[in-house]
Peer 1: 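Below: one structure in structure tokens.
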Amino acid sequence: MTRHHPDSLSLMEYSAGNLSDPHALCIRLHLDKCPHCRSRVDTLDSLGAVMMETQPKVSVSESMFDSILSRIDSEPDSKPAIPVMPREGTLRKLLGEDLNDLPWKRQLGDVSVLDISEKFPGQNEQVVLQKLAAGGKAPAHTHRGYETTIVLQGAFADQNGVFNQWDFVVLNEQDEHKPVAVGCEDCITLSVLSAPVKLTGAFTRLLNPFIR
């Protein structure tokens with residue numbers, strides 16, 4: 001059961017189609033497992049449809065209509081869409097293999113990472129899979145910008161509580177934490193970062209100039 005959810009503004013932006021592809025993916029993965037948030041988005045979709053119907057009609061000349069159709073036919077779609085698949089199929093389709101079979105790269109201590117930003121061309125955010133070994137600890141850190149994270153496997157805990165599979169969390173420069181993987185399996189998360197993290201440990205902070 002998910003206990004940590006996207007806020008109302010994020011769900012509204014998702015319903016309106018205003019989120020970047022990586023952020024929309026995080027919310028879609030959460031919605032697949034959270035009937036509470038899915039119901040809220042359904043309500044927002046319905047409200048949006050009603051609002052569209054109540055908007056005053058604006059006449060469009062035939063020449064303008066033809067011009068719009070011509071542009072749609074001639075202009076290529078420069079923003080590839082994320083494959084829409086149910087539940088875990090979304091991620092499996094994107095990655096091409098199981099989470100535990102990916103070419104993970106050891107970063108620091110118990111943490112391994114895999115940068116998948118190239119799968120979202122044209123986006124300004126960094127998109128990273130992170131794996132924290134079972135029982136392991138991540139270095140203490142804060143954030144230089146916003147970090148949106150969804151738990152894909154296992155669970156982790158910090159001073160804000162325990163985050164289980166499909167839980168959703170957003171952190172910023174005011175949040176400093178040191179996640180610990182709980183349970184008997186590796187904790188794997190998908191994070192979207194607007195800027196690199198900032199290590200705050202007595203020794204690890206020396207590595208900040210090398211983090212991109």
Side-chain angles (χ1 to χ4, degrees), residues 1-7 22-23 25-34 36-37 87-92 94-117 119 125-212:
M1 177 181 178
T2 53
R3 298 180 183 275
H4 302 275
H5 311 272
D7 60 22
H23 280 101
L25 174 61
C26 289
I27 289 187
R28 185 159 70 241
L29 290 169
H30 177 83
L31 293 178
D32 284 339
K33 297 294 185 178
C34 180
H36 170 70
C37 289
R87 295 181 171 83
E88 292 88 343
T90 305
L91 205 59
R92 183 63 181 264
L94 182 69
L95 300 175
E97 52 189 312
D98 185 83
L99 286 173
N100 291 287
D101 296 329
L102 294 170
W104 294 99
K105 297 179 180 179
R106 180 68 62 86
Q107 187 181 52
L108 284 173
D110 300 316
V111 180
S112 298
V113 300
L114 179 63
D115 193 316
I116 60 170
S117 302
K119 296 184 179 294
E125 300 123 336
Q126 183 182 20
V127 188
V128 183
L129 290 165
Q130 303 176 82
K131 180 167 69 172
L132 185 56
K137 299 178 181 180
H141 64 276
T142 184
H143 306 82
R144 293 185 172 95
Y146 282 92
E147 177 187 79
T148 298
T149 295
I150 183 167
V151 181
L152 304 176
Q153 175 183 295
F156 75 87
D158 61 14
Q159 73 274 13
N160 296 314
V162 177
F163 295 82
N164 294 298
Q165 189 180 34
W166 309 120
D167 276 343
F168 189 96
V169 58
V170 178
L171 302 173
N172 58 34
E173 63 273 9
Q174 298 177 348
D175 298 295
E176 182 175 351
H177 68 155
K178 187 176 182 179
V180 178
V182 297
C184 57
E185 66 177 334
D186 298 339
C187 177
I188 299 178
T189 59
L190 172 65
S191 295
V192 182
L193 299 91
S194 63
V197 301
K198 180 180 179 181
L199 300 175
T200 56
F203 299 104
T204 56
R205 68 179 60 185
L206 298 175
L207 299 175
N208 281 317
F210 305 100
I211 297 177
R212 295 292 182 267

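The analysis underlying the following values was restricted to heavy atoms, covering all of them including side chains, and did not include hydrogens, waters or symmetry mates.
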Peer 1: Do His177 side-chain atoms and Ala157 backbone N/O form a donor-acceptor pair below 3.5 Å?
Peer 2: no
Peer 1: As a quick check of understanding, evaluate side-chain contact (heavy atoms from CB on, under 4.5 Å) for Leu129 and Leu95, giving each step before the final call.
Peer 2: CA-CA 11 Å; Leu129 290 165; Leu95 300 175; 3.9 Å; yes
Peer 1: Keeping the roles fixed (side chain from Thr142, backbone from Glu173), state whether a donor-acceptor pair exists under 3.5 Å.
Peer 2: yes
Peer 1: Parallel under 30°, tilted from 30 to 60°, perpendicular over 60°: which one fits the rings of Phe156 and Phe163?
Peer 2: parallel
Peer 1: With the side chain counted from C-beta on, respond yes when Leu25 and Leu94 share a heavy-atom pair under 4.5 Å apart, and no when they do not.
Peer 2: yes
Peer 1: Counting N and O atoms only, with roles assigned by atom type, does the side chain of Arg106 sit under 3.5 Å from a partner on the main chain of Gly109, one being a donor and the other an acceptor?
Peer 2: yes
Peer 1: Tell me if a side-chain donor or acceptor on His141 pairs with a main-chain N or O of Lys198 at a distance below 3.5 Å.
Peer 2: no
Peer 1: Between atom CG of Asp115 and atom CD of Gln126, what is the distance when rounded to the nearest 0.5 Å?
Peer 2: 4.5 Å
Peer 1: Say whether, by atom type as modelled, one donor and one acceptor occur between the side chain of Asp167 and the main chain of Arg3 under 3.5 angstrom.
Peer 2: yes
Peer 1: Please walk me through it: do Phe168 and Cys26 pass side-chain contact (heavy atoms from CB on, under 4.5 Å)?
Peer 2: CA-CA 8 Å; Phe168 189 96; Cys26 289; 3.9 Å; yes
Peer 1: State whether the side chain of Glu125 and the backbone N or O of Leu193 hold a donor-acceptor pair below 3.5 Å, judged by distance alone.
Peer 2: no
Peer 1: Return yes if some donor-acceptor pair links the side-chain N/O of Trp104 with the main-chain N/O of Leu99 below 3.5 Å, else return no.
Peer 2: yes
Peer 1: Return yes if a side-chain donor-acceptor contact under 3.5 Å exists between Gln153 and Asp186, otherwise no.
Peer 2: no
Peer 1: Show the nearest heavy-atom pair for residues Gly145 and Ala195, with the distance to one decimal.
Peer 2: N-CB, 3.9 Å
Peer 1: Can you check whether Glu176's main-chain N or O pairs, donor with acceptor, with Gln159's side chain at less than 3.5 Å?
Peer 2: yes
Peer 1: Of Val169, Leu171, Val192, which is the lone residue that meets side chain to side chain contact (heavy atoms under 4.5 Å, CB included) with Glu147?
Peer 2: Leu171
Peer 1: One pair to check against side-chain contact (heavy atoms from CB on, under 4.5 Å): Ile188 and Asn100. What are the steps and the verdict?
Peer 2: CA-CA 9 Å; Ile188 299 178; Asn100 291 287; 3.9 Å; yes
Peer 1: Does Ser117 reach the main-chain N or O of Val127 with its side chain, forming a donor-acceptor pair under 3.5 Å?
Peer 2: yes
Peer 1: Measure the spacing between OG of Ser112 and CD of Gln107 and express it to the nearest 0.5 Å.
Peer 2: 8.5 Å
Peer 1: Return the NE2 to CG distance between His5 and Leu31, rounded to the nearest 0.5 Å.
Peer 2: 11.0 Å
Peer 1: Over all heavy atoms of both residues, which pair between Thr149 and Ser191 is shortest? Give the atoms and the distance, please.
Peer 2: OG1-OG, 2.7 Å
Peer 1: Between His30 and Ile150, is any pair of side-chain heavy atoms under 4.5 Å apart?
Peer 2: yes
Peer 1: To the nearest 0.5 Å, what is the distance between CD on Glu97 and CG on Leu91?
Peer 2: 11.0 Å
Peer 1: Between Val111 and Pro139, which heavy-atom pair has the shortest distance, and what is it?
Peer 2: CG2-CD, 4.0 Å
Peer 1: Check Cys187 against Val151 and note the closest heavy-atom contact, atom names and distance.
Peer 2: SG-CG1, 4.3 Å
Peer 1: Give a yes or no answer on whether the side chain of Asp32 reaches the backbone of Leu29 with a donor-acceptor pair at less than 3.5 Å.
Peer 2: no
